[in-house]
Amino acid sequence: MSNDLKPHMAIVKDITIENSNTKTYVLEFADKQQHKNFTWDPGQFMMLSLFGVGEAALSISNIPEDGLISTTIRAVGNVTKKIKELKKGDTLGMRGPYGTGWPIKEAKGKNILLIAGGMGLAPLRGVINHIAIKRNNFGHLEIIYGARTPNDMIFTNQFRDWYQIEKSRLDLTVDGIPPGTPWEGKIGLVTSCFPAMKTRPQNSVALVCGPEVMMRFVAKCLETIGFKENQIFLSLERRMKCGIGKCGHCQLGPKYVCKDGPVFPYRDIKPYINPL
Ligand SMILES: Cc1cc2nc3c(=O)[nH]c(=O)nc-3n(C[C@H](O)[C@H](O)[C@H](O)COP(=O)(O)OP(=O)(O)OC[C@H]3O[C@@H](n4cnc5c(N)ncnc54)[C@H](O)[C@@H]3O)c2cc1C
Ligand code: FES
């Protein structure tokens, strides 16, 4: 009998340091055929495990076209701090992909507004790279990315490429700057970038990921400027155990974040995320 919760052995092929607490890991299933057959949609997540330590839900942070499974991990607790110690060639457990991805097919022909806070850029990087490759399939691309400080940003080595994507705009902001840190972007919350925003609601979708309080503010501001609830998509985080809709740990009203999400149309979850 097959066991859906059984992790498969994966090997760390490469590691990129994003900032003092965050690294991007390129992973490969030890079973070459399994790796070859593996595919996913940007926005889906994996369950990564270290034997004797535990499991954690981590978004896939690139696109299948790259042929590499990568995940960008901030070391915050038991599992993620141990993953931070891994080196190239080390192994870990991996199962997935799970959950819903961003509505990329439905967004074809539309303007795309991406709003990310902190680690929220990880599940959105695949969308940006997909649009860069399939540029003619989409309208204007606008990325608004905010972090606590410049030192907390991730994927900074890709910003130069993103600035050069045709018909696009990248706006960066931070809450504050530690003394001596160079910074040429804005200072303020992501919503402080809204007055300069180019995207208008007509024929547009907004994809939002970040701390839940930030997403609630952003969704509310987007509604104020005319976005409808079904044009806004949020990626939610809840404590996960099984990742496959069996244990109830991630329940949100009548929905399971692991199975029905993590990406939800705002319309479907608005009543269940805390009001401002
Ligand atoms: C769908 C999904 C995708 C995710 N993608 C990423 C990703 O791409 N990169 C990444 O770094 N993290 C991601 N996370 C968050 C990640 O799962 C948690 O940080 C992780 O579970 C921590 O595991 P741990 O054992 O290291 O921490 P623990 O030892 O379990 O906890 C350490 C601390 O972190 C807090 N914490 C743990 N999990 C969460 C959580 N889910 N939300 C808020 N606080 C939490 C705890 O309250 C505690 O204070 C994602 C979570 C979900 C649900
Ligand atoms: S994590 Fe078990 S039901 Fe979602």
Side-chain angles (χ1 to χ4, degrees), residues 3-7 15-27 40-63 68-86 92-102 114 116-129 145 147-148 152-155 207-216 233-264 269 272-274:
N3 178 356
D4 293 340
L5 299 177
K6 191 174 163 209
I15 302 174
T16 307
I17 296 174
E18 301 290 348
N19 60 43
S20 63
N21 216 17
T22 308
K23 294 179 184 175
T24 295
Y25 303 80
V26 174
L27 304 171
W40 68 93
D41 294 321
Q44 287 192 292
F45 68 97
M46 305 293 289
M47 294 297 292
L48 296 188
S49 53
L50 287 173
F51 305 107
V53 183
E55 253 190 328
L58 283 318
S59 305
I60 307 176
S61 60
N62 64 342
I63 39 174
L68 304 166
I69 308 165
S70 78
T71 178
T72 303
I73 306 178
R74 186 173 60 186
V76 292
N78 291 338
V79 177
T80 48
K81 282 183 179 164
K82 282 281 177 207
I83 291 178
K84 191 182 178 192
E85 293 170 15
L86 295 181
L92 73 170
M94 180 156 86
R95 59 187 178 94
Y98 297 130
T100 51
W102 298 104
L114 303 186
M119 288 299 297
L121 191 58
L124 283 168
R125 179 170 72 157
V127 179
I128 300 170
N129 291 346
Y145 177 43
R148 269 182 303 165
D152 294 303
M153 291 194 146
I154 58 175
F155 308 138
L207 313 182
V208 187
C209 189
E212 198 158 309
V213 64
M214 165 241 155
M215 292 198 285
R216 282 186 271 133
F233 293 81
L234 310 182
S235 181
L236 293 190
E237 263 194 30
R238 286 292 182 276
R239 287 295 249 182
M240 303 265 174
K241 280 278 175 203
C242 69
I244 54 173
K246 302 269 190 221
C247 72
H249 255 79
C250 65
Q251 196 162 0
L252 177 78
K255 303 198 180 284
Y256 289 132
V257 173
C258 64
K259 188 165 66 76
D260 305 313
V263 176
F264 290 97
I269 48 162
Y272 310 110
I273 54 177
N274 298 333

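Numbering starts at 1 and runs along the sequence shown. Computed from a predicted structure; not experimentally measured. Numbering of ligands and ligand atoms starts at 1, following listing order.
Atoms CG and CG, on L114 and L124 in that order, are 5.5 Å from each other to the nearest 0.5 Å. Here the straight-line distance linking atom CH2 of W40 with atom CD1 of I63 works out to 8.5 Å at 0.5 Å rounding.
With G120, A57, S235, S61 as candidates, the residue nearest to atom 50 (C) of ligand 1 on a non-hydrogen basis is A57. Comparing heavy-atom distances from atom 46 (C) of ligand 1 across K23, M47, H249, R239 singles out R239 as nearest. Of the candidates T24, N78, L48, it is N78 that places a heavy atom closest to atom 29 (O) of ligand 1.
Looking at atom 10 (C) of ligand 1, its nearest protein heavy atom turns out to be L58 CD1, 3.4 Å. For atom 42 (N) of ligand 1, the closest non-hydrogen atom on the protein side is E237 OE1, 3.1 Å. The protein atom (non-hydrogen) at minimum distance from atom 27 (O) of ligand 1 is G77 CA, 3.3 Å.
Shortest non-hydrogen contact noted between Q44 and G99 is NE2-O, 2.8 Å.
Taking the salt bridge (charged side-chain N to carboxylate O under 4.0 Å, His left out) definition, one finds that E55 meets it with R95, sequence neighbours left out. Considering only residues two or more places apart in sequence or on other chains, R74 meets the salt bridge (charged side-chain N to carboxylate O under 4.0 Å, His left out) condition with none of them.
Applying the 4.0 Å criterion to heavy atoms of M119 picks out, from ligand 1, the atoms 9 (N), 10 (C), 11 (O). For ligand 1, the atoms sitting less than 4.0 Å from at least one non-hydrogen atom of I73 are 11 (O), numbered in the order shown with element in parentheses. Using a 4.0 Å cut-off to heavy atoms of A56, the atoms of ligand 1 that qualify are 20 (C), 21 (O), 23 (O).
Proximity of a side-chain donor or acceptor of K84 to a complementary backbone N or O of N21 within less than 3.5 Å is not detected. Side-chain atoms of W102 do not come within 3.5 Å of backbone N or O of S235 as any donor-acceptor pair.
Within the structure, side-chain hydrogen bond (donor to acceptor under 3.5 Å, both in side chains) pairs that include any residue of residues 239-251 do not occur (at least two apart or interchain).
Only the backbone of R238 comes within contact range of ligand 1, with a heavy atom under 4.0 Å; no side-chain atom does. Contacts between T72 and ligand 1 below 4.0 angstrom, taking non-hydrogen atoms only, involve the backbone exclusively.
For the pair R238 and E212, the salt-bridge criterion is met [side-chain N within less than 4.0 Å of a carboxylate O].
Protein atoms that are N, O or S and lie under 2.8 Å from atom 2 (Fe) of ligand 2 are these: C242 SG, C247 SG.
For ligand 1, one of its N or O atoms has an N or O atom of V79 under 3.5 Å away. At least one N or O atom of R74 sits closer than 3.5 Å to an N or O atom of ligand 1. At a 3.5 angstrom cut-off on N or O pairs, K81 does not count as close to ligand 1.
Few gaps surround NZ on K255; more than 12 heavy atoms of other groups in view lie less than 6.0 Å from it.
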